[in-house]
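Take a look at the structure set out below.
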Amino acid sequence: MRFVDSFLDGVRRLEEIVHQARIEGDVAEIDAKGLKHKELNDLMRFCVERGAKKLILKNVCGQRYIGTRLFFNPGVKVEIIIYGTPGNDLGAFLAGHRIVVYGNAQDGVGNTMDDGEIIVHGRAGDVVAMAMRGGKIFIRDSVGYRTAIHMKEYMDRVPLLVVGGTAQDFLGEYMAGGRVVLLGLNLENGRHRCHYIGTGMHGGVIYLRGKVEKYQLGKEVGVVEMEEEDWKFLEKVVDEFCGYFGREIKMERDEILGGNFMKLIPVTKRPYGKVYSY
Amino acid sequence: MKSHLLPDFVVERIEERCNRCGVCVKQCPWGVYSWNEDKTEILIDYTKCVGCQRCVVYCPNKALIVRPYPGSYRPNAYWTKEVISDIKKQAEQGGVLLVGTGSDRPYKVYFDHILLNASQVTNPSIDPLREPMELRTFLGRKPDRLEIEIDGDDVEIKTELYPNLVVETPILFAGMSYGALSKNAFLALAMAAKEFGTLFCTGEGGLPKDMREEYGPVAIVQCASGRFGVDPEYLNCAAAIEIKIGQGAKPGIGGHLPGEKVTAEISATRMIPEGTDALSPAPHHDIYSIEDLSMLIYALKEATNYEKPVFVKIAAVHNVAAIASGIVRAGADVIVIDGFRGGTGASPKVMRDHVGIPIELAIAAVDQRLREEGIRHKCSIIASGGIRCSADVVKAIALGADAVYIGTAALIALGCTMCQKCYTGKCAWGICTQDPNLAKRLNPKEGAKRLVNLLRAWSLEIKDMLGGMGINAIESLRSNREQLRGIGLEEWELRVLGIKGAGE
C-alpha cells in the first residue's frame, strides 16, 4: 500500500515559494494561492522572523493551522489578516496573536487556543473554541456542532466566545470555565434549535439570547436569573461585537441588548462525584 | 446500612515485641490503629486495613504481621470471595466500583510462556563486562533511504532526518500525571530520567512551570482529551509530545480527577479552578477519525515548528494492528501501545479487568502488520502495560517494540506495594496522594536514586541476555523473533506472536 502523507508530500522548500511573500517595513503580504498547509505557515514564520508585525494573507483556500507556528520565546505578537477561507484548526494553540478573517472559517477555530483574538466576518464550522483557555473569539454568524467543548478558565484567564448567530448540538459540553455568548441574531421564531447544551458542564457561563426549552439542555446545567453584573458584561461584549461587525449586521446594539437573555451555569462543579462506590 | 463485607486483611501483633511506641498509629492513614483514652494501649481495627504494609515496614520492633484475612465464605470456585464482596459493595452503595493499579485477574501471562535463546558453539556469546554492548535507542521516524556523500574522510548524510529522541536504555517512564501522583513522586521520575539519560512522560496533568527549564528536555508532555495544562510553552519546552487516545487500564473511557485532589498547585498546573473535578472526556472531541487524528498530530508539529516527535498512545484492543497502521499513516513518529495490564490511579474495576488485550500479542500483531505494509520504519513502537522485569523488556523488544514504558514497576521502586487504593488519595507511601503529610514521606532524591538503581540493574541484565544471544546492540534484537520460543502455547497463539514452539 503506497504511503501518502497528505501534509508533507510535495511540500516545496522555502526558496521555491518565497516569491509569494512581500515584506515592506513591518507589514508582509502573502499570496496563499496554491500553497500547502505547511508552506503557508513556513512563509508566515519566515516573515515574522524578518520583523513583520502584520501579515496580510490573500487567496487563502483551506490552509490549516494558520497562526499555530508563531510561538516564539520571548513572545512576539502579530496581527494576521486573512482574505478567503482558512482551513481547519485556525489559530490552534494560538500564542497571543490577533487573527481577522474576511470570509468563513472551517472546523476547529481556536482549538486549545492559549491567548489572543480571532474575529471571523462570516461563519465557522464544528468544534470552535475546543479546550480554549484564554483570549477571545468573535464569530459574526453561526457555528457548527460541539462548540466550546471543555473550554476552561483559571484565575484571570477567562476565555470568551461570542457568536452572532446560533450553534448546533453539544454546545458547551464538558465546559469547565470561560464565557460563551450566543446572540441569536439570525434565529427563526426566536428559537435556538441545538440540543444537549452544556452536557457534563462543570464550570463557566453560557449566555443565550433567544429561546431554549428545558429539554434542549443537558441535565448538568441550570438556568439562573440575570444579575446586574451579567448585563454589564453583556453590554461590553455586545459593544465589542458591534464594533467589529456593526456595518455587516442588521441590528443595532440596543436592539440586541433588548432581547431575551438566558444565563446557564453548571448545577455542580462535580457532576460525576456520585457514580462511584468504595 | 450495616455493611455485610468480610475484612480483607488481618493485623497480628506479636505482643512480646511491641513496646507501644505508636509508630503504627502515625504511619497508618487508614485508621487501623488508635490510642485508647489514657494512651496506654493501641487498639487495632483491622477491618480498615488495605494491606499496604506501611506499618509492618516502619514498626521499629518488627512486631506486626499483616496478611489476608483467613476467614471466608464456603469455598466456591465460581462465586469467589471477590465476586461476593463486589456484589455486596454495590448493593450497599449502588455505584461503579473503583480500583487502582493494573488488572490482577489470572489471565494468561504470555511473557511467562516465552523463553529466550542463547548461543552455544555455532556462534559465540558475548561477555558484556568486557565487550561494548549498545543499549542506546533512537525513537522517531526514520527516512525511507539514506543518501550519503563521501568526500575523502568526510562522510555526510545528505537526507534530511526527522527529529529523533535518544535514550541510553530502552526503558522510559510511562505517563503518570501530577495530580494522580504527588509532586515528590512526579519529581523523582523526572530526576531519575534526567540522571540516567532516559525520558519520563508527564501524563495529562501538565508540567509545573518550575520544572520546565530543568526537566522539560527529558519530558514527554501529554496532550489528552481534557487538554489540561496544554499551552504553547508546555509543548515547546518538552522533548516530545504524546497524544493520549487511550490507556490499557481503561480503554475507551476518560478520567475523573476528583475535585478534592485539585489543590492550589495542581489547579495552577492544570489551569483549572481549585476544587473542580478535572474531567477528561472519553474521546478527544476533535478526533473522530484517523483523518482527525492526523489533524491534531500536525497541529502539534506546527505548534512546535516540526522540532519534536509526536507520540500517539492507544490501549491494546481487538483491532490494534489496523489502528496502528492508521496512526502511522496519520503522521505519528512513535506509537505507544498499552496492554490490558497497564496500571492507573483510578479505573472502574469492570473496565480494568475485562477490556483490552495482552501487550505481548498486541506488539507482535502491530509489528507484523507494519512490516507487511512496509511502514515499520516510519514510527517507533513503545510497549507499555505490565512490564515487570528486564526479561519482559527483552521479550517485548524481540516481539517488535523499540522500547518499553514502565509505570507500575517504577512506582514499586518508589515504595508502592500494590494495595490498589490509589484512587482514595490516602497512599501511605506518599506516591499517589495530595495530602502534604503523606506526600512528604517520599523524598524525591531518594526516590530518584531507587529508580536509577532499577534502570541500572535492568540494563545490566538486558546486556547479559543480549550477550548470551550473541547480540551486541539492542537494535539487533528488535523484532528478532528467532530468539524466542513459546512454551505451553496453542497454535494460534504462536501464530499471532510469530514465534516457534520450544524445541522447534
Side-chain angles (χ1 to χ4, degrees), chain A residues 1-8 37-38 41 45 64-65 67-73 75 88-89 92-96 107-108 111-112 114-115 126-127 130-134 146 149-150 152-155 157 170 173-174 176-177 200 202-203 266 268-278, chain B residues 86 89-90 92-99 144 223 225-228 230-233 235-237 256 258-260 267-268 270-273 275-281 284-286 291-292 294-306 325 328-329 331 346 348 373-375 378 423:
Chain A
M1 218 189 306
R2 205 171 81 80
F3 187 91
V4 181
D5 187 324
S6 55
F7 287 89
L8 297 183
H37 314 297
K38 181 170 184 290
N41 287 301
R45 194 173 168 97
R64 296 178 179 179
Y65 317 119
T68 299
R69 192 111 59 84
L70 300 177
F71 171 75
F72 298 95
N73 209 352
N88 293 351
D89 272 356
F93 305 106
L94 193 69
D107 297 344
N111 189 347
T112 322
D114 191 51
D115 200 6
D126 297 342
V127 281
M130 149 106 182
M132 182 183 177
R133 48 192 300 120
R146 290 176 271 145
I149 289 191
H150 222 305
K152 51 179 76 66
E153 69 183 60
Y154 177 68
M155 313 276 269
R157 303 278 309 272
F170 308 107
E173 191 180 6
Y174 270 114
H202 52 292
T268 161
K269 290 204 288 186
R270 306 204 44 200
Y272 303 117
K274 291 202 181 91
V275 300
Y276 301 113
S277 299
Y278 284 89
Chain B
D86 285 354
K89 284 177 188 173
Q90 296 193 292
E92 285 167 20
Q93 297 192 350
V96 173
L97 291 173
L98 276 184
V99 277
D144 293 341
C223 176
S225 62
R227 305 280 157 89
F228 295 113
V230 178
D231 61 50
E233 189 202 277
L235 299 173
N236 278 282
C237 79
H256 299 169
E260 59 258 30
S267 80
R270 296 200 176 208
M271 303 285 276
I272 52 169
T276 46
D277 276 2
L279 302 180
S280 290
H284 289 247
H285 279 291
D286 52 352
E291 289 74 18
D292 287 350
S294 189
M295 196 154 79
L296 182 61
I297 289 172
Y298 280 94
L300 290 166
K301 290 187 178 185
E302 284 283 341
T304 53
N305 201 28
Y306 292 84
S325 169
V328 179
R329 290 168 194 282
E373 295 184 2
I375 56 174
K378 290 196 179 281
Y423 63 95

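Naming: A, B, ... by sequence-line order, numbering from 1 per chain.
Of the listed residues (B:S225, B:P348, B:P232, B:G226), the greatest number of heavy-atom pairs within a distance under 4.5 Å of chain A belongs to B:P232. Highest contact tally toward chain B, considering only A:H37, A:M155, A:E153, is held by A:E153 [criterion: heavy-atom pairs under 4.5 Å]. When each of B:E92, B:K378, B:Q90 is checked for heavy-atom pairs under 4.5 Å with chain A, B:K378 comes out on top. Taking chain B as the reference chain and counting heavy-atom pairs below 4.5 Å, the highest number among A:D107, A:L8, A:V127 is found for A:L8. Put simply, of B:L97, B:N305, B:T276, the one with the most heavy-atom pairs under 4.5 Å next to chain A is B:N305. Considering only heavy-atom pairs separated by less than 4.5 Å from chain A, the leading option among B:T304, B:L296, B:D144, B:L300 is B:L300.
Remark: the backbone N or O of B:G331 is paired with a side-chain donor or acceptor of B:K301 at under 3.5 angstrom. Between the side chain of A:D114 and the backbone N or O of A:G134 there is no donor-acceptor pair closer than 3.5 Å.
Looking at residues two or more places apart in sequence or on another chain, you find a ring-ring contact (aromatic ring centres under 6.0 Å, His included) between B:Y298 and A:F7. Judged as a side-chain hydrogen bond (donor to acceptor under 3.5 Å, both in side chains), and not counting sequence neighbours, the contacts of A:N111 are A:D89, B:R227, B:D286.
With values rounded to the nearest 0.5 angstrom, A:D5 atom CG is found 11.0 Å from B:R329 atom CZ.
Heavy atoms of B:S294 lying under 4.5 Å from chain A belong to its backbone as well as its side chain. When heavy atoms are compared at a cutoff of 4.5 Å, B:H285 approaches chain A by way of both its backbone and its side chain. For B:V328, the parts lying near chain A are the backbone and the side chain together; criterion is any non-hydrogen pair under 4.5 Å. The part of A:H150 that comes within reach of chain B is its side chain, from C-beta onward, which places non-hydrogen atoms under 4.5 angstrom from that chain. For B:A278, no part sits under 4.5 Å from any heavy atom of chain A, backbone or side chain. For a residue to count as touching a neighbouring chain, one of its non-hydrogen atoms must lie under 4.5 Å from one of that chain's; by this rule A:Y174 touches chain B with the side chain only. Contacts of B:E233 with chain A are made by both backbone and side-chain atoms, with heavy-atom separations under 4.5 Å.
For the pair B:H256 and B:Y423, the minimum side-chain heavy-atom distance is 4.5 Å or more. Taking the side chain as every heavy atom from C-beta outward, A:R69 and A:K38 approach each other to under 4.5 Å. The shortest side-chain heavy-atom distance between A:T68 and A:N41 does not fall under the 4.5 Å cut-off.
Taking the charged nitrogens against the carboxylate oxygens, B:E302 and A:R64 have no contact shorter than 4.0 Å, which rules out a salt bridge.
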